[in-house]
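Some notes on the structure that comes next.
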There are 2 protein chains.
Amino acid sequence: MDKKESQKPKYQILKEYIIETIGLEKLEPGDKIWSENELAQKFKVSRHTVRQAISQLASEGWLYKVHGKGTFVGDRIRRKSNKIKTIGVMTTYLNDYIFPSIILGIDEVLSKAGYNMVLGCSYNHHDKERMCLENFIRADIHGVIVEPTKSALPNPNLDLYRQIIEKDIPMFFIHGCYKELDCPYVVVDDIKAGYIAARHLIDLGHKRIGGIFKIDDIQGHYRFKGYQMALHEAKIDLKDLNVLWFDTDDKREEFIKFDKKMFRELTKRCSAIVCYNDQVALKVMNIIRKKGMKIPEDISLVSFDDSQLAVVSEVKLTTVAHPQKKLGRIVAESLINKINGGKGKDKIKMEPELIIRGSTKEYK
Amino acid sequence: MDKKESQKPKYQILKEYIIETIGLEKLEPGDKIWSENELAQKFKVSRHTVRQAISQLASEGWLYKVHGKGTFVGDRIRRKSNKIKTIGVMTTYLNDYIFPSIILGIDEVLSKAGYNMVLGCSYNHHDKERMCLENFIRADIHGVIVEPTKSALPNPNLDLYRQIIEKDIPMFFIHGCYKELDCPYVVVDDIKAGYIAARHLIDLGHKRIGGIFKIDDIQGHYRFKGYQMALHEAKIDLKDLNVLWFDTDDKREEFIKFDKKMFRELTKRCSAIVCYNDQVALKVMNIIRKKGMKIPEDISLVSFDDSQLAVVSEVKLTTVAHPQKKLGRIVAESLINKINGGKGKDKIKMEPELIIRGSTKEYK
DNA sequence: AATTATTTGTGCGTATGTATC
DNA sequence: AGATACATACGCACAAATAAT
């Protein structure tokens, strides 16, 4: 047993002892520790050895020394890194839609707690996502908030996420989480949201209810699932033809590349459509209007998120609200709590809320 | 002259010599440097002193040591920027208005160049501004982009700005610059913008042209100045009563705290109003509409920025466009250029452009 | 205001251990 | 096996900063 200890250099043992004792004796930052000579006597080593141990601890931030006064316990905040704590935040988009509000909520909490926020944006592409993550890791951040990129698809950047987890850097996902990772998250209950949306239409008497969902996003799948559940509960057959799927690139370029014929069919067959989000609803609204049909008289629309867009057009959108700023605040608070070693809820689901406006109407 | 040198400890002198020599002899990472004994003989110091110098340099990344082999020049890439370069960006607001677009433009350039972006938000208050700046400085960033807080008022945080300048951290302002600092900036030519706005109304035949401007913002002053110039040029007397001023807090809370009577007078006296920005124009529009007057039939409005808000209401705003994303890109590019030691333009003025929509009409 | 004790900072000499070639 | 180079460790001396007397 002596061997194991004696394999370690004496200064190493001393270092460990000092760190341990700081913890045990509950020394606060600024408290004085023993002088070099005291330690040397106590451990029966030379002062040189003590100095080696102490100077290394000092350069690591555990201690600081003042000439002529003594050696003191370092500022605990500075122990891990001299620098201010920084949180990496990555979302799929930055300036659009609900994202500014989410980021605002995060910033409110982080800046109040004295954290810096490093912002990255994946533009919902895996290569950009990878770049951001690499930046985060290199920047030596203290926590991460991520909105996953194409969360319903296999992710090529899981190695980086695992690296973050292995480094014990607290990480929260928002909106969804890669199913391969078991990570804390704050999400809106999208299944419920989908259910609420469809249920609202059913309650209004609609029976032929179509849906447009995003296929590369886990939120799209969940909202679809809720929609499906509501229809099933109401014993309405879900016809595959009534559901259209699109993906990120469709949306960004000119949206709804999917067969125009299919869309025409959809509007003919259905009296109501559940739209993946407000953006989609607006585009659908424009197309329908161009066909000479009216909303909500001819077709009812329900969308998701309650973004600024929802109230922009003449017909305000009935939409299932996303908590936006509140979600930002909650995820930031949870993350800080985790960083400070607190035991909070790991998986948080926020309740969606239906906001009824002008885009839905009773089916006569 | 010997004194100065001898005040420094020997190991310090040695450290400097070693760093210098690496540069002079163009030693590449991986090259071996002299052994501890060689250095000790060469400088006539003890080997212990050499070790002190070398071990510090090693912990700083300049050198690395291999037991039994020797001491080697460290990886140069790791030397200067082991950590990724980070740019601090502070704006007055985050989620509103044109700011998401500006930030997007900055992010596009920075992330492509491999920089991280640390985002801060002053909410246009000096205390928040101070917090952000302190964070930036502590975070050891490589460059700063700032939209000044209450740029027309004396600033209590100039000490921090000066600290940044003294540290030779490249800094660009956007939208305006504190007059006490001589800093690089990228701005919209707000005087010209103000001129264009008023000129447009004059060209439409308006003679009684009011204005609403922001008093704590330098942009407000410049836009007013342009407005003034246009009126003067057209030999229209500028009546003080036709100009209203508001400040940040007015806007944030319930806007236009200024005497309602004055505002009523303004709408009676004028056939057109130049509004500080789209937000103000929308509020003014609402008030005017409540009075039963119509835009642009009864009163013409010109605003600034061409934000998303400009096209939200039924009557789309005639507005002098802010380049938004482009401004973000330009300031980010300029900053990176400066960081890399390039000689670019320091003071950049971007041209505003009038976008004519539905809120202005010929004066009959 | 000067002195003294304490504490860290700098520096030298020496000895032994261990990794590499 | 031996030479070389770094790693650990001890002891000593003096300088410089600090605090208390």
Side-chain angles (χ1 to χ4, degrees), chain A residues 2-19 21-22 25 27-75 78, chain B residues 2-19 21-22 25 27 29-75:
Chain A
D2 254 355
K3 257 190 183 173
K4 268 185 188 170
E5 278 294 294
S6 62
Q7 273 172 358
K8 285 183 196 169
K10 289 187 184 178
Y11 74 91
Q12 203 45 265
I13 297 170
L14 229 178
K15 277 177 71 175
E16 284 163 20
Y17 173 82
I18 292 171
I19 290 173
T21 313
I22 289 173
E25 307 228 343
L27 296 179
E28 294 295 314
D31 287 355
K32 191 169 180 295
I33 67 164
W34 318 273
S35 77
E36 293 176 355
N37 286 324
E38 279 170 349
L39 280 169
Q41 281 176 31
K42 196 170 171 181
F43 284 88
K44 299 195 175 78
V45 295
S46 71
R47 189 177 152 225
H48 177 272
T49 306
V50 173
R51 278 185 62 74
Q52 191 172 7
I54 285 179
S55 63
Q56 283 192 21
L57 287 172
S59 78
E60 288 166 22
W62 291 88
L63 305 173
Y64 65 93
K65 302 183 277 184
V66 180
H67 194 165
K69 282 182 79 172
T71 305
F72 304 84
V73 176
D75 191 340
R78 288 187 200 159
Chain B
D2 253 357
K3 258 190 183 174
K4 271 185 187 168
E5 279 293 295
S6 61
Q7 274 172 357
K8 285 184 197 169
K10 290 188 182 178
Y11 74 90
Q12 197 52 267
I13 298 171
L14 228 178
K15 276 176 71 175
E16 283 162 21
Y17 173 82
I18 291 171
I19 290 172
T21 314
I22 289 172
E25 306 227 344
L27 296 179
D31 287 356
K32 190 170 180 294
I33 67 163
W34 320 271
S35 76
E36 294 177 352
N37 285 324
E38 278 169 349
L39 279 169
Q41 282 175 30
K42 196 169 171 182
F43 283 87
K44 298 197 177 77
V45 294
S46 74
R47 197 179 143 224
H48 175 87
T49 307
V50 174
R51 278 184 61 73
Q52 192 173 4
I54 285 179
S55 62
Q56 283 192 21
L57 287 173
S59 78
E60 288 167 21
W62 290 87
L63 305 173
Y64 64 93
K65 301 184 279 186
V66 179
H67 197 159
K69 284 182 76 174
T71 305
F72 304 86
V73 176
D75 191 341

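Atoms considered below: every heavy atom in the structure, side chains included; atoms not considered: hydrogens, waters and symmetry mates. Keep in mind that this is a model prediction, so the values were computed, not measured.
Using cut-offs of 30° and 60° on the angle between ring planes, the pair A/Tyr64 and A/Phe72 is parallel.
You'll find the side chain of A/Ile54 reaches within 4.5 Å of the side chain of A/Leu39, heavy atoms only. Considering only heavy atoms from C-beta on, B/Ser55 comes within 4.5 Å of B/Lys65 through its side chain.
Between D/dA7, D/dC10, C/dT8, one nucleotide has an atom nearer to the side chain of A/Val45 than all others, and that is D/dC10. The side chain of A/Arg47 lies closest to D/dA13 when the candidates are C/dG17, D/dA9, D/dA13. The nucleotide whose nearest atom lies closest to any side-chain atom of B/Lys69 is, among C/dC21, C/dG9, D/dG11, C/dC21. The nucleotide whose nearest atom lies closest to any side-chain atom of A/Ser35 is, among C/dT8, C/dT10, D/dA7, C/dT8.
In this structure, B/Lys32 and A/Gln56 both approach DNA chain D, and ranking their closest nucleotides by distance from the 5' end singles out B/Lys32.
As rounded to whole Å, 14 Å separates atom P of D/dC10 from atom CG of A/Asn37. Distance, A/Phe72 CZ to C/dT7 P: 11 Å, rounded to whole Å. Distance A/Lys44 NZ to D/dT8 P: 23 Å, rounded to the nearest Å.
Under 3.5 Å, the side chain of A/His67 and the base of D/dA16 form at least one donor-acceptor pair of N or O atoms. Side-chain to base pairing of A/His48 with C/dG11: no donor and acceptor N or O lie closer than 3.5 Å to each other.
OP1 or OP2 of C/dC12 has at least one side-chain nitrogen or oxygen of B/Lys10 nearer than 4.0 Å. For D/dA9, the OP1/OP2 oxygens have no side-chain nitrogen or oxygen of A/Tyr11 closer than 4.0 Å. Proximity of B/Thr71 to the phosphate of D/dC6: a side-chain N or O atom is located under 4.0 Å from OP1 or OP2. The side chain of A/Thr49 contributes no N or O atom lying less than 4.0 Å from OP1 or OP2 of D/dT8.
Going from atom CD of A/Gln12 over to atom CG of A/Leu14 covers 10.0 Å, rounded to the nearest 0.5 Å.
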